[in-house]
Chemist: 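Before I ask anything, here is the structure I am working with.
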Amino acid sequence: IGYHLYIKDLRSHVEYEFGESRAYPICSSFKLAVLMAFFESLDDVRELDELVTIDPSTHSAGASVIGIFTSSVRVTYRHCAQLMMGFSDGTATDVLIRKVGISAVNEMLQKHCERSLLTKNLDGIVRDFQERFIIPELKNGSAVESFAFSDYTNAKDLAQLATASWQYQPRSVGRLDYLECLTVKKCWPRTSLFFEPSIQVIGKGGSIG
């Protein structure tokens with residue numbers, strides 16, 4: 001698939017770019033655009049704590065904490081935002097996308113990125129990747145080496161998106177509520193029964209394959 005690396009020094013504005021700048025699978029990085037689009041849609045902070053019922057039939061194909069439940073659960077939109085950013089929860093991500101609409105997320109993505117596109121929710125992205133890449137490999141013993149991604153980005157765009165997400169000021173909700181979700185704890189200490197307490201685990205299950 002190749003690689004693309006982009007680094008910008010925010011103090012000197014010096015840029016470094018390596019590899020090939022072309023369309024790469026967008027994966028979980030678009031969740032920054034989801035978070036901003038969600039907060040942009042809010043008219044009142046109380047909407048953050050509205051309850052939403054999530055049925056197992058709507059679980060995303062991506063990694064999900066919510067996905068472990070075999071019965072319906074009720075969580076708030078704030079919980080979904082925190083699960084999306086802290087554990088890369090696919091089901092929580094798609095709940096937020098359903099609330100704001102995929103077009104609103106794509107508009108936020110394109111507002112801050114020059115060559116990125118989002119056409120599906122997370123469930124659609126993962127299933128598309130699995131059907132076109134993982135499943136053929138399991139059946140035939142060889143993976144498709146390359147194909148055109150319908151949802152794509154590149155390293156420079158992602159750097160711009162990350163910068164925009166840090167600078168973002170919600171339209172009608174306090175910035176502290178937004179930052180609470182953006183910076184929710186992502187690393188957790190492991191029990192010393194298995195590892196030294198200093199060793200931490202990233203709160204993300206991972207999930208394309």
Side-chain angles (χ1 to χ4, degrees), residues 25-109 111 118-131 151 161-162 164-166 168-191 200-209:
I26 197 165
C27 299
S28 288
S29 303
F30 79 92
K31 291 169 184 172
L32 291 171
V34 174
L35 186 67
M36 288 188 286
F38 167 63
F39 270 84
E40 193 70 8
S41 75
L42 300 177
D43 293 317
D44 190 291
V45 69
R46 288 173 293 185
E47 294 179 60
L48 278 170
D49 296 311
E50 286 182 7
L51 286 168
V52 55
T53 300
I54 303 175
D55 186 81
S57 64
T58 65
H59 288 172
S60 170
S64 174
V65 175
I66 295 174
I68 69 171
F69 298 117
T70 57
S71 60
S72 296
V73 294
R74 299 182 76 193
V75 296
T76 66
Y77 286 110
R78 186 193 300 270
H79 292 152
C80 288
Q82 292 173 334
L83 284 167
M84 176 178 72
M85 299 309 301
F87 287 87
S88 202
D89 192 292
T91 297
T93 300
D94 284 347
V95 166
L96 297 181
I97 291 176
R98 280 196 297 274
K99 180 169 175 60
V100 304
I102 193 69
S103 60
V105 179
N106 187 51
E107 286 173 13
M108 186 63 72
L109 182 71
K111 177 180 179 179
L118 186 71
T119 65
K120 310 181 196 68
N121 65 3
L122 187 94
D123 183 74
I125 291 173
V126 173
R127 290 185 188 278
D128 183 52
F129 188 91
Q130 290 175 341
E131 290 171 5
D151 302 271
L161 183 63
S165 70
W166 182 248
Y168 174 70
Q169 173 63 56
R171 179 177 57 86
S172 302
V173 176
R175 180 169 161 82
L176 288 180
D177 286 292
Y178 169 75
L179 289 177
E180 177 188 62
C181 296
L182 179 68
T183 62
V184 65
K185 188 174 181 180
K186 296 175 177 65
C187 294
W188 307 84
R190 295 300 295 265
T191 169
Q200 294 186 321
V201 59
I202 300 297
K204 174 173 170 59
S207 71
I208 280 253

Chemist: May I have all residue pairs that pass salt bridge (Lys or Arg N to Asp or Glu O under 4.0 Å) and include part of residues 168-178, sequence neighbours excluded?
Modeler: Asp43-Arg171, Arg78-Asp177
Chemist: Look up atom CG in Leu182 and atom CD in Gln82, then write down how far apart they are to the nearest 0.5 Å.
Modeler: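 The CG atom of Leu182 sits 11.5 Å away from the CD atom of Gln82.
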Chemist: Can you give the donor-acceptor pairs under 3.5 Å from side chains of residues 94-102 to other protein atoms, not counting sequence neighbours?
Modeler:
| unit_1 | atom_1 | unit_2 | atom_2 | d |
| --- | --- | --- | --- | --- |
| Asp94 | OD1 | Leu122 | N | 2.8 |
| Asp94 | OD2 | Asp123 | N | 3.0 |

Chemist: How long is the straight-line distance from CD of Glu40 back to NZ of Lys111, given to the nearest 0.5 Å?
Modeler: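 Those atoms lie 6.0 Å apart.
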Chemist: For the CG atom on Leu51, are there more than 12 heavy atoms of other groups (residues, nucleotides or ligands in this structure) within a distance under 6.0 Å?
Modeler: yes
Chemist: Thr183: what forms a side chain to side chain donor-acceptor pair (under 3.5 Å) with it, not counting sequence neighbours?
Modeler: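 In terms of side chain to side chain donor-acceptor pair (under 3.5 Å), with neighbours along the sequence ignored, Thr183 is linked to no residue.
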Chemist: For a quick test of reading the model, state the closest non-hydrogen atom pair linking Ser29 to Leu161 and the distance between them.
Modeler: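 It is O-CD2, 3.6 Å.
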Chemist: So do Val173 and Glu47 actually touch side chain to side chain, heavy atoms under 4.5 Å?
Modeler: no
Chemist: Can you pull the salt bridge (Lys or Arg N to Asp or Glu O under 4.0 Å) pairs that have at least one residue in residues 57-68, sequence neighbours excluded?
Modeler: none
Chemist: Between Ser165 and Leu35, is a side-chain contact (heavy atoms from CB on, under 4.5 Å) present by the stated rule, with each step listed?
Modeler: CA-CA 8 Å; Ser165 70; Leu35 186 67; over 6 Å; no
Chemist: Kindly compute the distance separating NZ (Lys31) from CE (Met36), expressed to the nearest 0.5 Å.
Modeler: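 Here the rounded value is 14.5 Å.
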Chemist: Sequence neighbours left out, what passes salt bridge (Lys or Arg N to Asp or Glu O under 4.0 Å) with Arg46? Give chain and number order.
Modeler: Asp44
Chemist: Quick one: does Leu179's side chain get under 4.5 Å of Trp166's, heavy atoms only?
Modeler: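 Yes. Closest side-chain heavy atoms under 4.5 Å.
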Chemist: Check whether any side-chain heavy atom of His59 lies under 4.5 Å from a side-chain heavy atom of Ile54, and answer yes or no.
Modeler: yes
Chemist: Quick one: ring pair (Phe, Tyr, Trp, His ring centres under 6.0 Å) partners of Tyr178, sequence neighbours excluded?
Modeler: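 With sequence neighbours excluded, Tyr178 shows a ring pair (Phe, Tyr, Trp, His ring centres under 6.0 Å) to Phe39, Tyr168, given in chain and number order.
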Chemist: Stepwise, does the side-chain contact (heavy atoms from CB on, under 4.5 Å) test hold for Ile125 with Asp128?
Modeler: CA-CA 5 Å; Ile125 291 173; Asp128 183 52; 5.8 Å; no
Chemist: With rounding to the nearest 0.5 angstrom, report the CE to CG distance, Met108 to Asn106.
Modeler: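 Spacing of CE (Met108) from CG (Asn106) equals 11.0 Å.
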Chemist: Over all heavy atoms of both residues, which pair between Ser88 and Ser28 is shortest? Give the atoms and the distance, please.
Modeler: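 Ser88 and Ser28 have their closest heavy atoms at OG-OG, 3.1 Å.
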Chemist: Enumerate the salt bridge (Lys or Arg N to Asp or Glu O under 4.0 Å) contacts for residues 56-76, please, sequence neighbours excluded, ordered by first and then second residue.
Modeler: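 Those involving residues 56-76 do not exist here.
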Chemist: Who passes side chain to side chain donor-acceptor pair (under 3.5 Å) against His79, sequence neighbours left out?
Modeler: Thr76
Chemist: Are any non-hydrogen side-chain atoms of Thr93 and Asn121 less than 4.5 angstrom apart?
Modeler: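 Thr93 vs Asn121: side chains apart.
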Chemist: Does Asp151 have any side chain to side chain donor-acceptor pair (under 3.5 Å) partners at least two apart in sequence or in another chain, and if so, which?
Modeler: Thr119, Lys120
Chemist: Holding to side chain to side chain donor-acceptor pair (under 3.5 Å), I want the full list of residues that pass it with Ser72, two or more places apart in sequence or in another chain.
Modeler: Asp55
Chemist: Minimum heavy-atom separation for Asp89 to Ile66, with atom names?
Modeler: OD2-N, 3.0 Å
Chemist: Would you say that Leu83 contacts Val184 through its side chain, given a criterion of any heavy-atom pair below 4.5 Å between the two side chains?
Modeler: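 Counting from C-beta outward, Leu83 and Val184 never come under 4.5 Å.
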Chemist: Indicate the atoms forming the closest heavy-atom contact of Thr91 with Ser60, along with that distance.
Modeler: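 Closest heavy-atom pair between Thr91 and Ser60: OG1-N, 2.9 Å.
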